[in-house]
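For reference, the structure is listed below as structure tokens.
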Amino acid sequence: MSLRVYNTLSKKKEEFVVRDEGKVSMYVCGVTPYNYPHLGNARPFVVFDVVRRYLEYLGYETYHVQNFTDVDDKIIKRSQEEGKTAKEIADSYIKAYFEDMDRLGVKRAHFYPRVTDHIPEIIEMVKTLVEKGYAYELEGDVYYSVGKFPDYGKLSGRDLDELKAGARVEVDVRKRNPLDFALWKRAKEGEPAWDSPWGPGRPGWHIECSAMSLKYLKPGFDIHGGGSDLIFPHHENEIAQSEAYADGKQFVRYWLHNGFITIDQEKMSKSLGNFFTVREILAKYPPDAVRFFLISTHYRSPLDFSEERLEEAKRSLERFYTALDQLDKLPEVSDHAGQDHPLRLECRRVEERFKEAMNDDFNTALALGHLFEFVREINRNLQDLRQKNMEEEEGTIGALRAAKETLLRLGNVLGIFELRNKEMNKGDELEAKLIDLLIELRQEFRKKKDWATADRIRDGLKELGIVLEDSPEGTIWRRK
RNA sequence: GGCGACAUAGCCAAGCGGUAAGGCACGGGACUGCAAAUCCCUGAUUCCCCGGUUCAAAUCCGGGUGUCGCCUCCA
């Protein structure tokens, strides 16, 4: 069974066929760095990180490009307010973007082009569009003439006439069609500007992505992704510009869009003010829980945010972690031990199911379900281990070690387990030694059957977020 | 006003024509000094409502109701 992805362009799941065999070129619309990213902003980056990881798991070589829109109205406004240059604003929030996404385990794209580094390419593209008759100049501004592009509306499923009728946009009477959009904007006083054939100005909103994606990925690249609010007008306009520029050559093969994060069923957005920044959330919840939360629902569905959900995500992950910790303690045995153990079969089955789920338009929720079932199977075997004789034990241990490898490998396609250790290792050594000392003392009390004192230690530690678990092999502790 | 999406147990969430995955929470049991962790068992006669198609529908069609999104910067 092969990978199928939902293409916004066709509104259907399609078989995923790449342009260049064995390689996937992907472009994800990045941020305008004028603010700290909120959770809604982060969703596409986590989503497309999983997409990329899965493609790599399948054996594709990926080339992932993501832009920074480092000049635009909001950055300019912000820079004027703070008395800084646009570049200073952009630089500082780009830095913040990386800090936050790194913590969420988002792999770095291979390349992050910035608009301000691509002004010549953009000017060239606008110039060509004017020459080809798709764009016109108006007092230093250049507009794209949507009426010239017959396919306009094909991505968002809109009809030009309907759009005109329903347009709530303030109409600029100079434009030929109210929907014509700016490719180049004349500079106002005090704004960053570059020289162009139409006078000093800066790129319009949509042209950057076309210019940069075409430059680095060439027409007909495989995946273009972003939030579904970009479908119209941003991506619609990108298609219009890019396909007009490339003489009708297909711009993108697969358009992928993720659903929104909502709060109380309402879209999380800066303008509504109902947002939480990634760093606010990470101050209260571990990154793996946030990431788990983000992938526990299919990427195209809306996802309602709440602290309860994050708590739930945290508890769900515990299931994986307790199993993983048990598996870590297993002694080494020959790799071939337990070759015909039933658990080995489960390993193959879970991987098949995992692939089947992910092949169906990256169904991470289903994939996680399979992983949970697999964990139960692992725990069953772990429990059995105690009642086994030596010979059987070796086989079970061998199979369990293989299961651990499978679980870790599949989990990391989703990027969840690798985040855990980072956070867990944060505790300092002194703390660990003190806890060990308390456990030792408690052991003494337990021997003397002084349950009251023993329980006081356990309860006290629990208050501090340290959970003790007694087992025949001794007492272990973990953070709650 | 135009276009579109979604409605599945207490909560979250898969399934998209063959008789309801998984997680969290809850209850019972095993284990334990008691817990915790883990395992076992239990939970929707039913998938918003009403019709229809079909041997068979949560899944398809029609009509309602409700919620949300896009049409404006927006991930």
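Lettering of chains follows the sequences in order, A, B, ..., and the numbering in each one begins at 1.
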_Between B:C31 and B:A25, how far apart are the two P atoms, rounded to whole Å?_
23 Å

Show me the protein contacts with nucleotides 65-69 of chain B, counting only N or O atoms at under 3.5 Å.
| from | atom 1 | to | atom 2 | distance (Å) |
| --- | --- | --- | --- | --- |
| B:C68 | O3' | A:Gln265 | O | 3.3 |
| B:G69 | OP1 | A:Lys267 | N | 3.4 |

*asked:* By the 4.0 Å heavy-atom rule, please label A:Asn41 as base, sugar-phosphate, or nothing.
replied: base

*What is the distance, rounded to the nearest whole Å, between atom CD of A:Glu473 and atom C1' of B:U32?*
13 Å

*Any luck finding a side-chain donor-acceptor pair between A:Tyr321 and A:Asp288 under 3.5 Å?*
yes

*Counting any heavy atom closer than 4.0 Å, what does A:Leu382 reach on the DNA or RNA strands: base, sugar-phosphate only, or nothing?*
nothing

*May I have the distance from A:Phe68 (atom CZ) to B:A75 (atom P), rounded to whole angstrom?*
13 Å

Got a list of protein N/O to nucleotides 33-37 of chain B N/O distances below 3.5 Å?
| from | atom 1 | to | atom 2 | distance (Å) |
| --- | --- | --- | --- | --- |
| B:G33 | N7 | A:Arg446 | NH2 | 3.3 |
| B:G33 | O6 | A:Arg442 | NH2 | 3.3 |
| B:G33 | O6 | A:Arg446 | NE | 3.2 |
| B:G33 | N1 | A:Asp455 | OD1 | 3.0 |
| B:G33 | N2 | A:Asp455 | OD1 | 3.4 |
| B:G33 | N2 | A:Asp455 | OD2 | 2.7 |
| B:C34 | O2 | A:Arg458 | NH2 | 2.5 |
| B:C34 | N3 | A:Arg458 | NH1 | 2.9 |
| B:C34 | N3 | A:Arg458 | NH2 | 3.1 |
| B:C34 | N4 | A:Arg458 | NH1 | 3.4 |
| B:C34 | N4 | A:Asp470 | OD2 | 3.2 |
| B:A35 | N6 | A:Asp470 | O | 2.8 |
| B:A35 | N1 | A:Asp470 | N | 2.9 |
| B:A35 | N3 | A:Arg458 | NH1 | 2.8 |
| B:A36 | O2' | A:Glu469 | OE2 | 3.3 |
| B:A36 | N1 | A:Asp470 | O | 3.4 |
| B:A37 | O4' | A:Glu469 | OE2 | 3.3 |

*With P as the reference atom in both, quote the distance from B:C34 to B:G29 in angstrom, rounded to an integer.*
13 Å

*asked:* How about CZ on A:Arg456, more than 12 heavy atoms from neighbouring residues, nucleotides or ligands closer than 6.0 Å, or not?
replied: no

*Does a side-chain heavy-atom distance below 4.5 Å link A:Glu346 with A:Arg349?*
yes

Which pairs of donor and acceptor atoms, one on a side chain in residues 439-449 of chain A, lie under 3.5 Å apart (sequence neighbours left out)?
| from | atom 1 | to | atom 2 | distance (Å) |
| --- | --- | --- | --- | --- |
| A:Arg442 | NE | A:Ala454 | O | 3.0 |
| A:Arg442 | NH1 | A:Asp470 | OD1 | 3.1 |
| A:Arg442 | NH2 | A:Asp470 | OD2 | 2.9 |
| A:Gln443 | OE1 | A:Arg446 | NH1 | 3.1 |
| A:Gln443 | NE2 | A:Thr475 | OG1 | 3.1 |
| A:Arg446 | NH1 | A:Asp470 | OD1 | 3.4 |

_Aromatic plane relationship, A:His234 with A:His206 - under 30° parallel, 30 to 60° tilted, over 60° perpendicular_ = tilted

*asked:* I'd like the P distance from B:U59 over to B:G15, given in whole Å.
replied: 15 Å

*Map A:Asp72 and A:Glu312 onto RNA chain B by nearest heavy atom, then report which one ends up closer to the 5' terminus.*
A:Glu312

*Over 60° means perpendicular and under 30° means parallel, so classify the ring planes of A:Phe68 and A:Tyr112, tilted if in between.*
parallel

*asked:* Within the 4.5 Å heavy-atom criterion, are A:Met26 and A:Asp222 side-chain neighbours or not?
replied: no

_Tell me the interatomic distance from A:Glu236, atom CD, to B:C3, atom C1', rounded to whole angstroms._
12 Å

_By the salt bridge (charged side-chain N to carboxylate O under 4.0 Å, His left out) test, which pairs, at least two apart or in different chains, include something from residues 261-276 of chain A?_
A:Asp229-A:Lys267

*Starting from C1' on B:G4, measure out to CG on A:Asp159 and report it in whole angstrom.*
15 Å

*Crowded around A:Glu81 CD? As in, over 12 foreign heavy atoms under 6.0 Å?*
yes

*Within the structure, does a side-chain N or O atom of A:Asn258 lie under 4.0 Å from either OP1 or OP2 of B:A75?*
no

*Expressed in whole Å, how much space separates the C1' atoms belonging to B:U67 and B:C73?*
25 Å

*asked:* Using whole Å, what does the distance between atom C1' of nucleotide B:C31 and atom CG of A:Asn379 come to?
replied: 14 Å

*Any side-chain heavy atom of A:Leu183 within less than 4.5 Å of one from A:Pro203?*
no

*Is any side-chain N of the basic residue among A:Glu473 and A:Arg386 closer than 4.0 Å to the acidic one's carboxylate O?*
yes

*asked:* Would you measure the distance from the P atom in B:A9 across to the matching atom in B:A58 and give it in whole Å?
replied: 14 Å

_Please report the distance separating the P of B:G66 from the corresponding atom of B:A44, rounded so that it comes out in whole Å._
30 Å

*Of all of residues 363-373 of chain A, which get a heavy atom below 4.0 angstrom from RNA chain B, listed by number?*
A:Asn363, A:Ala365, A:Leu366, A:Gly369, A:Phe372, A:Glu373

*asked:* Within the 4.0 Å heavy-atom criterion, would you say A:Gly226 contacts the bases, only the backbone, or no part of the nucleic acid?
replied: sugar-phosphate

*asked:* Distance check, C1' atoms only: B:A7 and B:C11, in whole angstrom units.
replied: 16 Å

*Electrostatic pair A:Glu99-A:Lys95, nearest N-O below 4.0 angstrom*: yes

*Tell me, which stems hold RNA chain B, with a stem being 3 or more Watson-Crick or G-U pairs in a row and both distances under 3.5 Å?*
B:1-7 with B:65-71, B:10-12 with B:22-24, B:27-30 with B:38-41, B:48-52 with B:60-64

_Separation of the P atoms in B:A75 and B:G64, to the nearest angstrom_ = 36 Å

*Whole Å only: how far is the CG atom of A:Asp49 from the P atom of B:A75?*
19 Å

*Does NZ belonging to A:Lys12 count more than 12 external heavy atoms closer than 6.0 Å?*
no

_Please report the distance, rounded to the nearest Å, between CG in A:Asp325 and P in B:U38._
11 Å

_Within the 4.5 Å heavy-atom criterion, are A:Glu236 and A:Tyr152 side-chain neighbours or not?_
yes

*Determine whether A:Trp184 and A:Arg186 make a side-chain contact, defined as any pair of heavy atoms from C-beta on separated by less than 4.5 Å.*
no

*Distance, rounded to the nearest Å, where A:Met268 contributes CE and B:C70 contributes C1'*: 19 Å

